[in-house]
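These notes concern the structure reproduced below.
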Protein chains: 4
Amino acid sequence: MEERTRPLGRPRSEDARLAVLRAVDDMLVEEGYAAMTMKGIAERAKVGRQTVYRWWSSKAEILLEASAADAVRELTVPPSESAEGDVVAFLAALSGFLTESDAGLAYRALLGEAQHDAKVAELLRGTDVLGDAARVLIAQVQDRGGLVGFAGAARETLVAELVGPTLFRTLVEGRPVEPAAIADMSQRFLATSR
Amino acid sequence: MEERTRPLGRPRSEDARLAVLRAVDDMLVEEGYAAMTMKGIAERAKVGRQTVYRWWSSKAEILLEASAADAVRELTVPPSESAEGDVVAFLAALSGFLTESDAGLAYRALLGEAQHDAKVAELLRGTDVLGDAARVLIAQVQDRGGLVGFAGAARETLVAELVGPTLFRTLVEGRPVEPAAIADMSQRFLATSR
Amino acid sequence: MEERTRPLGRPRSEDARLAVLRAVDDMLVEEGYAAMTMKGIAERAKVGRQTVYRWWSSKAEILLEASAADAVRELTVPPSESAEGDVVAFLAALSGFLTESDAGLAYRALLGEAQHDAKVAELLRGTDVLGDAARVLIAQVQDRGGLVGFAGAARETLVAELVGPTLFRTLVEGRPVEPAAIADMSQRFLATSR
Amino acid sequence: MEERTRPLGRPRSEDARLAVLRAVDDMLVEEGYAAMTMKGIAERAKVGRQTVYRWWSSKAEILLEASAADAVRELTVPPSESAEGDVVAFLAALSGFLTESDAGLAYRALLGEAQHDAKVAELLRGTDVLGDAARVLIAQVQDRGGLVGFAGAARETLVAELVGPTLFRTLVEGRPVEPAAIADMSQRFLATSR
DNA sequence: TACTAAACGAGACGGTACGTCGTGTCTTCCC
DNA sequence: GGGAAGACACGACGTACCGTCTCGTTTAGTA
């Protein structure tokens, strides 16, 4: 059996890669997505412009790589004592993620850009951050015995039912969902399934 | 009592205003939001650039003026025979609006831009197109006797519960919600609110 | 009879034009032709890059406009007491121009560039600085009675005979022609033309 | 007495050297001097870029090495039946060299570059191609008994008198000198010396 | 035969100029 | 004073080449 041989030439610099990701992370928070430019990223990272373009084709792509892991981590909630506790914790995490976290800021910027840039939409569809997190939570709740008796089309809408209301509030209003509303949403979500 | 006197000088040209709005409408469909520029709009409308800047401060502002009326019209559904019929009709209209209508394309672009541009977010908050339409529908359903017995926090989440799931599906997946899912969402919405 | 109407829009800025020409003049002396860039010129002139490109298509074109008038002036010599005096004065001026004058530095750079850039060659052919100056001098000498009895092909070579030797010395050796050599060249030129 | 020991390591590749020289030769004709780049040369020669930089420091240097021998050969004319025949043959060769030969194209490019790049000027001064050829021709003519009675400063200007006029015509006008003019120039050159 | 050392190809690196485009402002003349 | 035209200073775009670097490989002499 053969080892895969290294590509020819000087290998990619991990230093440069990390410097770019870090620069994007910092600039998003400090200056905002709109003010970020490929030129600015390169300068901030002390990296050649060509080096950025060689490995990423847009600031959206860099941002996705820089924030995807954080997003997944922030949306993973430890099991609580009850199904309702799990859902409440998840929705609270989701609300916080979308309105107060750096990774969530990145996600909102990307989801926003996806609405008028097909390339970014495509990119984002490759990593359904919110959907994946929701599916994990739903499976967790089902294992406890909640959410029994779903079938067919109903199951497919569960993710939307769980995530949608919070997404609406945060995207449209731009601020966290208050705890009372989260409690209400959680009850509604579980009510239809019991 | 004196009539308020007309401002001095040449009055604003309605021709120019309409030409700009029409140009923005057309360009959004033909080239997309990202490719639209203030310069391009002025040229397409055969209008001086200064004239565009004099009356609007960004392409988002023009787009909002150009599409708001259409959006409201498309999201107004006539009463049907039942509460469920009303909700289904509304969600279908919402799904179609967000994925297939020109006005919806504009709304998605604006909502997207609002995620990384505070000015646009502010602008959009002034006209809560989706929320207003949802509130009208909810009032309509309540008048029929559906949705009784709500109070406090619960009432505030109703809009999000109605609109959120469909918004999630369309924004994240970028395609219309299938009829079976709409039916399911409608039933859940009514079930948890009775 | 009609006045020629001014073109539409904001007229060209004379300030910007002069700032660019002055910048090119200065930079040629301070940094040299090779180190001069369109970007550098714009920055030095505190002018937008687009403004430079709008009116000139290359640094050669700017340099020509900036130095042509000076070149003509420096190569115009006042009549002296004798034909030989005129020729000596001209060759001395030519030698000085090509090796010590700023305008001559520009001319050498342009003539050099013309050797590997057809656009510049074309440009330079439109203004035969050396040839014109030589023709003026030759006419001057002929008016005195020197250079009688020329005809046909012979006449066409006069300019080359006058300018060529000095051009060779300066271009190839890069330093002024010594006075003794100038005297010698002048005598030969007149001797072979009488 | 010791032989100079070969340096350690892998010896220079003659293949690579020739490939580079050939690439430069071809590219000069096909694309022109200005369009030639170190990167392009390396790629065309299928040679690493470092290899080019290891042995030459600029494209001018490569071009000089690639064309010097050809230049000398093209400017060496066999003795004819008369002194005038020799001079005519030389000037014809010079005119053809500067306007139609590949080696002459290279020489013109180098002489041009030398006008705004001191490094190239230095380089070119090391090999006075035109001057050397002219000196050979002059010695040849003198041996026949032409050009007698020169001394001092006069002798030093002979080369310039011979080469200059043709150089002027070719550099400034960019086309060959017509035969009648060459004949005229030859007569003038010999006239002052007899 | 193994070791050392330099040249080799490939190609990524940090820089910088290219020529174009869009920004928002200005200056001109015309209505 | 509004409007069309278009020049202005500014700065990002994505590309190309600069000259250097870091890989693995090749080719010689030396041990």
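The sequence lines fix the lettering, A, B, ..., with proteins before strands; numbering per chain opens at 1.
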Distance below 4.0 Å between Trp55(C) side-chain N/O and dC8(F) OP1 or OP2: yes
Do other residues, nucleotides or ligands put more than 12 heavy atoms under 6.0 Å from the CD atom of Glu31(C)? yes
Taking side chain to side chain contact (heavy atoms under 4.5 Å, CB included) as the definition, give me every residue that meets it alongside Leu171(A), ordered by chain and number, with sequence neighbours left out. Arg108(A), Leu111(A), Leu167(A), Gln115(B), Leu171(B)
Nearest listed nucleotide, side chain of Leu8(A), among dC13(E), dG11(E), dC8(E): dG11(E)
Rounded to whole Å, CH2 of Trp56(C) lies from P of dC18(E) at a distance of 15 Å
Pairwise 5' ranking along DNA chain E for Arg17(D) and Arg12(A), keeping only the more 5' one: Arg17(D)
Ring pair (Phe, Tyr, Trp, His ring centres under 6.0 Å) partners of residues 9-58 of chain A, not counting sequence neighbours, each pair once: Tyr33(A)-His116(B)
So, applying side chain to side chain donor-acceptor pair (under 3.5 Å) with Ser57(C), which one of Glu61(C), Lys59(C), Arg54(C) is it? Glu61(C)
Of dT28(E), dA7(F), dG2(F), the nucleotide closest to the side chain of Arg54(B) is dG2(F)
I'd like to know if Arg17(B) pairs up with Glu65(B) as an ion pair, taking the criterion as any Lys NZ or Arg NE/NH1/NH2 lying under 4.0 Å from an Asp or Glu carboxylate oxygen. yes
Could you write out each protein N or O paired with an N or O of nucleotides 21-26 of chain E at a distance under 3.5 Å?
unit_1	atom_1	unit_2	atom_2	d
dC21(E)	N4	Gln50(C)	NE2	3.1
dT23(E)	OP1	Met38(B)	N	3.0
dT23(E)	OP2	Met38(B)	N	3.4
dT23(E)	OP2	Lys39(B)	N	2.9
dG24(E)	OP2	Tyr53(B)	OH	2.7
dG24(E)	N7	Arg49(B)	NH2	3.0
dG24(E)	O6	Arg49(B)	NH2	2.9
dC26(E)	O2	Arg10(C)	NH1	3.1
dC26(E)	N4	Gln50(B)	NE2	2.6

Can you tell me the distance, in whole Å, between the CG atom of Leu18(D) and the P atom of dC8(E)? 12 Å
Check this for me: does any side-chain nitrogen of one of Lys119(D) and Glu122(D) sit under 4.0 Å from a carboxylate oxygen of the other? no
Ile41(C) CD1 - dG19(E) P separation (whole Å): 11 Å
